[in-house]
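A short worksheet on the structure shown next.
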Protein chains: 2
Amino acid sequence: MATIYDVSVMAGVSLATVSRVINKTGNVSEKTTQKVTQAMERLGYRPNAIAQSLASNRSNSIGILIPELCGPFFGNLMAGAEKRLREANKHAIITAGHSKAETEKAGIEFLLSRNCDALILHIDALSDQYLVDLAAQGKEIVVINRYVEPLKSRCIYLDNKTGGYLATKAMLDAGHSKIAYISGPTWKEDANQRLAGHHQALQEAGIADNPHLYVTGDFKQESGTAGLQTLLARDSDFTALVCANDEMASGAMAYARDIKLALPEQLSIIGFDNIVYSSYLYPSLATVDYPVEEMAKMAAALILKEVYQQKGLQINNEFYPSIVMRDSLQKRPS
Amino acid sequence: MATIYDVSVMAGVSLATVSRVINKTGNVSEKTTQKVTQAMERLGYRPNAIAQSLASNRSNSIGILIPELCGPFFGNLMAGAEKRLREANKHAIITAGHSKAETEKAGIEFLLSRNCDALILHIDALSDQYLVDLAAQGKEIVVINRYVEPLKSRCIYLDNKTGGYLATKAMLDAGHSKIAYISGPTWKEDANQRLAGHHQALQEAGIADNPHLYVTGDFKQESGTAGLQTLLARDSDFTALVCANDEMASGAMAYARDIKLALPEQLSIIGFDNIVYSSYLYPSLATVDYPVEEMAKMAAALILKEVYQQKGLQINNEFYPSIVMRDSLQKRPS
DNA sequence: TTGAAAGCGCTACCAG
DNA sequence: CTGGTAGCGCTTTCAA
């Protein structure tokens, strides 16, 4: 690899000048610029980002920590952030936290040690306090899908409670009153808030809480399958099922078909997230739209504004869910 | 951030010694090690990976370039590679190539400029020659899902042609003879090979080629929907549909239901890839298994072996697809 | 077993 | 407009 030194020798100028033309900073004469550019081309020179970063304390890269690298939800999150950053000539460095405190911490350390200019974090396991302390260290962080009061201007979050409320409300409006619920893991904030919204909707409708109608999953498909199985085994005669995310809903749907339960005639189902393939399920899955890609772009925009002083960016911290009606949710036959 | 210098001062030793205990290299007395370790803890010291990398020309990070960050196929690819690397204490740096020569090249340059020790590349647009030249520059590269003759020991690939063959053969074996095909983009190697396998199967069965039964998609769901629509508009009376991937198959299934075509009674469908949710579709989608996660792990293993001299690793370059029978493929009613 | 010192490739400040 | 030069934080000889 050619270095800046090789270029300076070939162009017959100093290191400083080469650096100037690389970074388009300072004034360099037209003629000199040309000489340098030519030398760079001839040598196939490419700046060493590592060295640049060490010298300038800037890396033009943003660390992104998400629980998992696969799955439609986080896929869209990554893609949204990466797109926005790429447009601004910044790079994303992505790593997985696997929803465990230890690995989340290790992931953050990794990103920090790579000198990221800022971090976008989807944290499941670490505490609010940890995030507050982290932010206090001076590195710009943006927390996505979580509301941390002291960091609220740095959080991009969804009103999950309203989302849960809307889902159940849609079932109520369709005439259902026996509504089962498959929750996400109780140690996840978003799962709890969705459940809280569900409770609120039931309460408003004057429907008493029935623990037989709840089961906890882990946001994966299999747990939707297992969840519905458990619920049915309890022998409660519910006509509607609210799932805390689409993946569990699709698992539940698969189970329903296995046991010849007619969908949506015998059971209405609604999910949450509006992941890409929910409209391709059969019946197409009603859900609550989670504008995750937009939110990820907003997180990126926040960083572009705060860290790179990009102008004219409108920041919006709170996002709202909306109902997406599809065939899996049907009026309760009276 | 505390630096190695701060640690050396606090511990009362030299920089070199601190470096030795960080890297567990060279002999350092028990006592000294303790002093240093304590100082590091007290200062909350974390090595600056950038500086380490610049000084040692090693980064312990592996660059991964894939076309897209979202989607089940690439999600599994990332996850598999990351998992294997993490176990070995290496880190993945992931970037998207978006299937365009320019961005793919930029992605590679980015990874190279970040001093990655090796690259795992899923390349769509760049030429074989480009890859050969790249490899010649000395950086270890592993090419995934593509066979490049001069680099064959560095390629981890699937026998896509056999996969295409198996899919169509399964339809033939089920009694179908009018078989439509929705292909991937013709400029993608894997798409062409799958199609070649399809042709081979037809030929062996003595079935003449019928251009009316072909349509080209882009591996996305929508193109499956559009593809089936186009095929049906041509008014050919096919009873089976082979899709070059599961996403297009799910799009086609959605369209079939829209127009009240009974699945699988009136149309048998098979996909390719065996992405996670294909078994949750209705009817569950028959497909060709693509062991992408295993392959990604193998790519990582190859790097661990070649670059980091990890021992005892068995490398296997070629992987084979296998048929996954599910409800969407049914015997042709005679 | 330890320390001194020369870089790694680049930026940024200070002179001129 | 250009050059000289002191680092950025760390690794890695070479000596002691």
Side-chain angles (χ1 to χ4, degrees), chain A residues 1-37 39-40 43-61 109-117 138-139 308, chain B residues 1-37 39-40 43-61 109-117 138-139 308:
Chain A
M1 257 334 300
T3 74
I4 196 176
Y5 176 79
D6 303 322
V7 175
S8 77
V9 170
M10 180 173 238
V13 298
S14 72
L15 292 180
T17 302
V18 178
S19 176
R20 286 188 191 100
V21 350
I22 292 172
N23 299 294
K24 307 186 204 324
T25 161
N27 300 331
V28 184
S29 75
E30 181 70 16
K31 219 170 20 180
T32 316
T33 306
Q34 288 222 338
K35 277 194 300 187
V36 173
T37 312
M40 294 200 300
L43 290 167
Y45 170 77
R46 221 179 318 107
N48 180 324
I50 293 293
Q52 288 181 312
S53 171
L54 185 60
S56 67
N57 205 24
R58 261 300 162 92
S59 65
N60 287 316
S61 62
E109 306 257 305
F110 168 72
L111 295 172
L112 250 25
S113 82
R114 306 295 306 188
N115 218 351
C116 291
D117 296 335
K139 188 71 75 177
Y308 302 110
Chain B
M1 257 333 300
T3 74
I4 196 175
Y5 176 79
D6 303 323
V7 176
S8 77
V9 169
M10 179 173 243
V13 298
S14 73
L15 292 181
T17 303
V18 178
S19 175
R20 286 189 190 99
V21 349
I22 292 172
N23 299 294
K24 307 184 205 324
T25 162
N27 300 331
V28 183
S29 75
E30 181 69 16
K31 218 170 25 181
T32 315
T33 306
Q34 287 222 339
K35 278 194 301 187
V36 173
T37 313
M40 294 199 301
L43 290 167
Y45 171 76
R46 221 179 317 108
N48 180 324
I50 293 292
Q52 288 181 312
S53 171
L54 184 61
S56 68
N57 204 25
R58 260 300 162 89
S59 65
N60 287 317
S61 61
E109 306 257 306
F110 168 71
L111 295 172
L112 250 26
S113 81
R114 306 296 305 187
N115 218 351
C116 292
D117 296 336
K139 187 72 75 178
Y308 302 110

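Worth saying up front: this structure is predicted, and the values here are computed from it rather than measured. Lettering follows sequence order; numbering is per chain, from 1.
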Please round to 10 degrees the angle between the axis of the first five pairs and the axis of the last five pairs in the helix from dT1(C)-dA16(D) to dG16(C)-dC1(D).
40°

Applying side-chain hydrogen bond (donor to acceptor under 3.5 Å, both in side chains), which residue pairs with at least one partner in residues 8-17 of chain B are found, sequence neighbours left out?
Ser14(B)-Thr17(B)

Does a side-chain heavy-atom distance below 4.5 Å link [X] with [Y]?
X        : Y         : result
Val18(B) : Met10(B)  : no
Val21(B) : Met40(B)  : yes
Lys31(B) : Lys35(B)  : no
Met1(B)  : Leu112(A) : no
Thr3(B)  : Asp6(B)   : yes

Can you list everything that forms a side-chain hydrogen bond (donor to acceptor under 3.5 Å, both in side chains) with [X]? Sequence neighbours excluded, please.
X         : answer
Ser56(B)  : none
Thr37(B)  : none
Arg58(A)  : none
Asp117(B) : Ser59(B), Tyr308(B)

How would you label the contact of [X] with the nucleic acid (heavy atoms, under 4.0 Å): base, sugar-phosphate, or nothing?
X        : answer
Ser19(B) : base
Thr32(B) : sugar-phosphate
Val13(B) : sugar-phosphate

Could you tell me which residues satisfy side chain to side chain contact (heavy atoms under 4.5 Å, CB included) with Ser19(B), sequence neighbours excluded, listed by chain and number?
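Per chain and number, Ser19(B) pairs via side chain to side chain contact (heavy atoms under 4.5 Å, CB included) with Ile4(B), Asn23(B).
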
Could you check Leu15(B) against Met1(A) and say which one's nearest nucleotide on DNA chain C is further toward the 5' end?
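Closer to the 5' end of DNA chain C: Leu15(B).
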
Please figure out whether Asn27(B) or Ala2(A) has its closest DNA chain C nucleotide nearer the 5' end.
Asn27(B)

Opening and closing nucleotides of DNA chain C in contact with chain A, under 4.0 Å to non-hydrogen atoms:
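For DNA chain C, the relevant span reads dG9(C) to dC13(C).
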
Let me know, please, whether Arg20(B) or Arg46(B) comes out on the 5' side of the other along DNA chain D by nearest nucleotide.
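On the 5' side of the pair lies Arg46(B).
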
So OG1 of Thr33(B) and NZ of Lys24(B): to nearest 0.5 Å the spacing works out to 9.5 Å

Mind listing the residues from residues 48-57 of chain A sitting with a heavy atom below 4.0 Å of DNA chain D? Number order is fine.
Leu54(A), Ala55(A)

Pairs under 3.5 angstrom only: tabulate donor-acceptor contacts from the side chains of residues 43-50 of chain B to other protein residues two or more places apart or in another chain.
unit_1, atom_1, unit_2, atom_2, d
Arg46(B), NE, Glu109(A), OE1, 3.0
Arg46(B), NE, Glu109(A), OE2, 3.2
Asn48(B), OD1, Ile50(B), N, 2.8
Asn48(B), OD1, Ala51(B), N, 3.0

Can you give the first and last nucleotides of DNA chain D, 5' to 3', that have an atom under 4.0 Å from a heavy atom of chain A?
dC1(D) to dG9(D)

